[in-house]
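One structure is given here, and the rest of the page talks about it.
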Amino acid sequence: MRLFNLLALLVIPALTLIGLTSAHSKSQLTSTVSLKESFVNNKTATVDEAGRATTLSPSINYQATGAKNSLSIDYSLDAIYYDGLSQQDRVDHSLQLQSAFDHITNRWVSSITSSIKQANVDSDDTQSVNPIFQSDNSQELITFGIGSDLKGALTSQIDYQSGINLDYVDFENSEDSHSVGVNLGLSSDTQNKFSWGTSFTSNNTALSDTDSQIDTLLVNFNYRFNRQYALFLSADKSKTDNDFLNDVNTNFGLVWTPDRNTSLKLGIGKRGNSTSYILASSLKTRQVTYQVDYDETITTSRALLINDASKQQSPTALNQTLSIAPVLVKKGTIGMTVNGKKTNVTFSYSQQTTMQDNNNIGREIRESLSLNASRSLSDTSSAQLTLSRQETKTVQQNAVDDVSLSYNKQLSKSMDASGVLRSTEQKSNDVANQSRQEEISFKLHISF
């Protein structure tokens with residue numbers, strides 16, 4: 001049954017999209033295969049072992065672009081075979097699908113997205129980040145979404161925007177869930193000194209025999225003094241089955257844009273009896289980009305999980321449950337990117353607090369810190385250093401440190417090789433969740 005669902009949700013829409021996109025479009029099909037040999041030391045609460053893992057990874061990438069549509073499909077399979085390790089041989093699938101169709105240019109666009117990846121099921125369990133190892137907490141996650149947005153001019157001074165989206169998400173050993181959302185918005189001409197906007201969003205999510213509804217109304221007003229300075233006032237109210245989340249949230253603040261490379265939006269206000277904030281800032285210099293953001297959103301853990309899966313930036317998702325209970329999410333991020341002639345460095349830090357009430361019952365705190373540095377050693381070789389730390393504080397407290405150093409060499413136009421030194425360690429107040437892995441691996445990658 002799961003295989004049938006996989007075919008129905010992913011393969012059939014993909015074939016349909018290929019047919020629609022192929023006419024009058026430019027397309028490219030690339031296939032690759034890689035062979036990776038890893039020598040590993042693995043230590044957990046129950047085992048202390050050394051062995052090797054062989055990973056065979058064929059993949060296919062299809063890109064097509066037409067006058068009104070585009071399609072991107074990236075599929076890969078990881079077949080992992082173990083020798084001297086307690087892990088069982090397994091096959092993991094990974095897919096990223098994105099498609100867009102312009103029914104009316106710059107007015108009406110529809111999209112289809114889908115993904116398959118490994119994700120953690122329970123935040124109070126092992127945080128698997130090394131794809132060689134799979135804990136009992138790791139399961140295959142399938143997501144599928146369809147959206148359509150229409151915008152235009154209602155009058156000479158007022159624009160409208162509307163949209164509808166549907167999604168489906170399924171863990172391999174869990175109940176599937178789906179949601180339907182709509183959004184409507186009106187806004188005045190932002191070039192005027194005084195401008196305004198209002199929007200309404202409604203989302204209904206169903207999981208097994210329960211459902212959850214979140215309705216949100218947002219109103220904002222802006223007054224621009226000149227090109228550099230503007231004031232804003234915003235207010236939003238949500239309606240959920242959780243009274244804690246139904247307070248009106250108001251913010252008043254300043255927007256500063258001295259030039260095209262610098263922007264700052266800062267606001268402070270009240271959400272019920274609590275203080276709320278808005279922060280969005282960016283600064284770009286010739287070689288460095290700085291960014292600091294903070295926002296508060298009423299959503300569900302399920303929606304956060306889908307968002308993580310769609311990014312496909314890490315082997316596992318940070319947000320790990322399909323809970324449809326409405327929650328208040330407070331998230332702050334700090335980022336910096338340095339681009340040099342031969343060296344690029346990216347730093348990012350984020351903290352996310354999820355709340356269901358003022359008594360901190362069910363509160364979750366997630367922190368993520370990462371540093372990535374890459375350097376070009378020659379026209380055909382490069383080195384990369386990656387440091388990351390993930391912390392989760394729920395009923396348990398877990399922290400994962402991941403460090404890797406890699407060397408990459410382009411052997412020919414279609415062949416490259418790499419070597420990696422990697423150390424991954426999880427610390428936890430539950431001894432059963434503590435683990436450490438050291439790895440030396442070599443990989444050969446060939447494209448056709």
Side-chain angles (χ1 to χ4, degrees), residues 27-43 49-63 72-97 115-119 128-135 138 140 311-316 342-346 370-388 402-425 436-448:
S27 62
Q28 181 179 4
L29 179 65
T30 305
S31 59
T32 66
V33 63
S34 64
L35 179 64
K36 179 181 178 182
E37 196 73 15
S38 303
F39 302 90
V40 185
N41 290 322
N42 179 39
K43 185 176 182 180
E49 58 189 2
R52 64 185 176 88
T54 302
T55 305
L56 180 64
S57 303
S59 68
I60 295 176
N61 179 270
Y62 178 79
Q63 304 280 340
S72 171
I73 301 176
D74 196 347
Y75 172 78
S76 64
L77 179 150
D78 292 333
I80 307 177
Y81 306 95
Y82 299 94
D83 181 20
L85 299 170
S86 57
Q87 295 273 316
Q88 294 184 349
D89 296 346
R90 74 179 200 270
V91 176
D92 291 339
H93 302 273
S94 177
L95 173 75
Q96 193 74 4
L97 182 151
S115 68
I116 301 176
K117 68 179 299 182
Q118 293 294 312
S128 176
V129 296
N130 191 329
I132 291 180
F133 294 92
Q134 185 177 44
S135 70
S138 299
E140 187 177 78
K311 294 178 180 178
Q312 203 84 358
Q313 292 178 338
S314 61
T316 56
K342 292 187 175 183
T343 304
N344 297 320
V345 179
T346 300
S370 66
L371 176 67
N372 183 285
S374 61
R375 181 171 177 82
S376 175
L377 303 177
S378 67
D379 292 339
T380 59
S381 63
S382 62
Q384 185 174 27
L385 173 66
T386 301
L387 309 172
S388 69
D402 193 28
V403 182
S404 67
L405 176 64
S406 62
Y407 172 79
N408 306 282
K409 176 71 174 180
Q410 191 75 35
L411 303 177
S412 67
K413 186 177 180 180
S414 61
M415 183 184 301
D416 61 86
S418 62
V420 178
L421 296 174
R422 185 174 187 177
S423 176
T424 306
E425 181 178 11
R436 183 180 181 89
Q437 293 92 31
E438 281 101 17
E439 168 196 351
I440 301 177
S441 64
F442 304 93
K443 183 170 75 172
L444 182 66
H445 182 266
I446 304 173
S447 60
F448 305 94

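In this structure, CD1 on Ile132 lies 10.0 Å from OG1 on Thr54, to the nearest 0.5 angstrom. In this structure, the separation between OH on Tyr75 and CD1 on Ile116 is 7.0 Å, given to the nearest 0.5 Å. To the nearest 0.5 Å, atoms CG (Leu421) and OG (Ser441) are separated by 8.0 Å. Interatomic distance, Arg422 CZ to Asp402 CG, rounded to the nearest 0.5 Å: 4.0 Å. To the nearest 0.5 Å, atom CG of residue Asp416 and atom NZ of residue Lys443 are 7.5 Å apart. Between Lys342 atom NZ and Arg375 atom CZ the span is 6.0 Å, to the nearest 0.5 Å.
In this model, a donor atom of one side chain and an acceptor atom of the other lie less than 3.5 Å apart for Thr386 and Asn372. Ser447 and Ser414 are not linked by any side-chain donor-acceptor pair at a separation below 3.5 angstrom, with hydrogens and angles left out of the test. When only modelled atom types and interatomic distance are considered, Arg90 and Tyr82 share a side-chain donor-acceptor pair under 3.5 Å. Judged by distance alone, the side chains of Lys409 and Thr380 do bring a donor and an acceptor atom under 3.5 Å apart. Side-chain atoms of Ser381 and Gln410 form no donor-acceptor pair, as typed in the model, at a separation below 3.5 Å. Inspection of the Thr30 and Asn61 side chains reveals no N or O donor paired with an N or O acceptor under 3.5 Å. Between Gln63 and Ser72, the side chains place a donor N or O and an acceptor N or O closer than 3.5 Å (distance only, hydrogens not considered). Side chains of Asn42 and Gln437: a donor-acceptor N/O pair is present below 3.5 angstrom, by distance only.
Across Gln96 and Ser115, no two heavy atoms sit closer than the pair OE1-CB, 3.5 Å. Annotation for Leu85 and Gly51: closest pair CD2-N, 3.6 Å, computed over non-hydrogen atoms. In terms of heavy atoms, Leu56 sits closest to Pro58 at O-CD, 3.6 Å.
At least one side-chain heavy atom of Leu29 sits under 4.5 Å from a side-chain heavy atom of Ile60. Counting heavy atoms from C-beta outward, Ser406 and Ser418 have side chains that stay 4.5 Å or more apart. Leu77 is listed as a side-chain neighbour of Val91, based on a closest heavy-atom distance under 4.5 Å. Between Tyr62 and Asp74, every side-chain heavy-atom pair lies at or beyond the 4.5 Å cut-off. Here the side chains of Glu140 and His93 are in contact, with some heavy-atom distance below 4.5 Å.
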Full working for side chain to side chain contact (heavy atoms under 4.5 Å, CB included) between Ser76 and Ser94 | CA-CA 5 Å; Ser76 64; Ser94 177; 3.5 Å; yes

With side chain to side chain contact (heavy atoms under 4.5 Å, CB included) as the test, would you mind laying out the steps for Phe448 and Val33 before giving the verdict?
-> CA-CA 9 Å; Phe448 305 94; Val33 63; 3.7 Å; yes

Full working for side chain to side chain donor-acceptor pair (under 3.5 Å) between Thr32 and Ser59 | CA-CA 5 Å; Thr32 66; Ser59 68; 2.3 Å; yes

Stepwise side chain to side chain contact (heavy atoms under 4.5 Å, CB included) check, Leu371 with Val345 = CA-CA 7 Å; Leu371 176 67; Val345 179; 3.8 Å; yes

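Crowding of Tyr81 atom OH: a count of heavy atoms from other residues, nucleotides or ligands under 6.0 Å not exceeding 12. Around the CG atom of Leu385, the shell of radius 6.0 Å holds more than 12 heavy atoms that belong to other residues, nucleotides or ligands.
A salt bridge between Lys36 and Glu439 is present, with a side-chain N of the basic residue lying under 4.0 Å from a carboxylate O of the acidic one.
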